[in-house]
Amino acid sequence: MTEKELLAVACEQFLGKNVQDIKNVVLQTLEGHLRSILGTLTVEQIYQDRDQFAKLVREVAAPDVGRMGIEILSFTIKDVYDKVDYLSSLGKTQTAVVQRDADIGVAEAERDAGIREAECKKEMLDVKFMADTKIADSKRAFELQKSAFSEEVNIKTAEAQLAYELQGAREQQKIRQEEIEIEVVQRKKQIAVEAQEILRTDKELIATVHRPAEAEAHRIQQIAEGEKVKQVLLAQAEAEKIRKIGEAEAAVIEAMGKAEAERMKLKAEAYQKYGDAAKMALVLEALPQIAAKVAAPLTKVDEIVVLSGDNSKVTSEVNRLLAELPASVHALTGVDLSKIPLIKNATGAQV
């Protein structure tokens, strides 16, 4: 120390000693205090908090060395070690713990990331599945609606075409009828002109023939021929009229036949489209008519008497006839009535 009083104390303590002796005194003093402080601390505290350890040494040792005229300006722990590698083992343990915690943290983070990724993929697949399902439902509804519209348009088009052809046939028949009437009128006018010509010729003969008898005979002959020609022309006109009417009626019948054939063609296509269900419906519609034809002779019978003493035999006969009915229908129409599903009517009975 540079103060006079403390410098005098230092001179008293170290006068006659060299620098190395002074260092040894100071070192021994600090080592003593260092050991006393080490006894109050754990190894972990010393190793982990060196600054606090050095501060404690300065605070405890400063008064003692100060009484010797020595001032501690700085005291720093450069290193802490032991001969059995205890401190290095503490570092390894801490390092292993940190590495373990880091590995656990990485594994947990990867696990959480994998779980979250799987959840996101699942949500994505769920959304995609719902979207695909809605698209498929919309497409199916569209196709069904489109088919229904197409079927309705085809039916209306066919009906319009049939109506158009029938109306065209009717108009054509009217036109042919008018043409025939016009031709008949023309024939009648032609016959009238020819009759006038016959009269003119007859008058000319009367005027030019000198012999009245010959003229009269010639006139009668001309009248007869004219009447003959008239009858022939009338017959031809009537025949032509009948032929024209027949042609018109044939055209109408042909048009109606084409329309009926087209209707049957569309009906056949519909039956072919709906397959066995349409055939089944057709047969079922015809069954009442078949039954009516079969039972027609029975309408003339006033009473039927069954001679049998056993009521069960009558019942068995009726059951036998009913059992043979599907086989008969199958033989006639090719439809198996036993395969028709039973349905319930409004009263709950199976039919």
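Predicted model only: the values in this text are computed from it and were never measured. Numbers for residues simply follow the sequence, beginning at 1.
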Honestly curious: do Ile22 and Met68 fall in one hydrophobic cluster under the side-chain, below-4.5 Å linking rule?
yes
If two hydrophobic side chains count as joined below 4.5 Å and joins carry through other members, does Val60 share a cluster with Leu30?
yes
Between [X] and [Y], does any side-chain N to carboxylate O distance fall below 4.0 Å?
X      : Y      : value
Lys121 : Glu117 : yes
Asp51  : Lys55  : no
Glu119 : Arg116 : yes
Lys128 : Asp132 : yes

Going by heavy atoms in the side chains, are [X] and [Y] under 4.5 Å from each other?
X      : Y      : answer
Val185 : Lys188 : no
Glu151 : Ile155 : yes
Thr40  : Leu56  : no
Glu110 : Val106 : yes
Lys189 : Gln186 : no
Gln13  : Val25  : no
Glu183 : Glu240 : yes

Salt bridge (charged side-chain N to carboxylate O under 4.0 Å, His left out) partners for Lys4, two or more places apart:
none
Please lay out, stage by stage, how Asp126 and Lys122 fare under the test side-chain contact (heavy atoms from CB on, under 4.5 Å).
CA-CA 6 Å; Asp126 291 340; Lys122 181 179 179 299; 3.1 Å; yes
Does one side chain, of [X] or [Y], offer a donor that lies under 3.5 Å from an acceptor on the other?
X      : Y      : value
Gln167 : Glu171 : yes
Glu165 : Gln161 : yes
Gln99  : Asp103 : yes

Separation between CD (Glu225) and CD1 (Ile223), nearest 0.5 Å, reads 11.0 Å
Glu5, CD: over 12 other non-hydrogen atoms inside 6.0 angstrom:
no
Please indicate whether Met256 has more than 12 foreign heavy atoms, meaning atoms of other residues, nucleotides or ligands, lying under 6.0 Å from its CE.
no
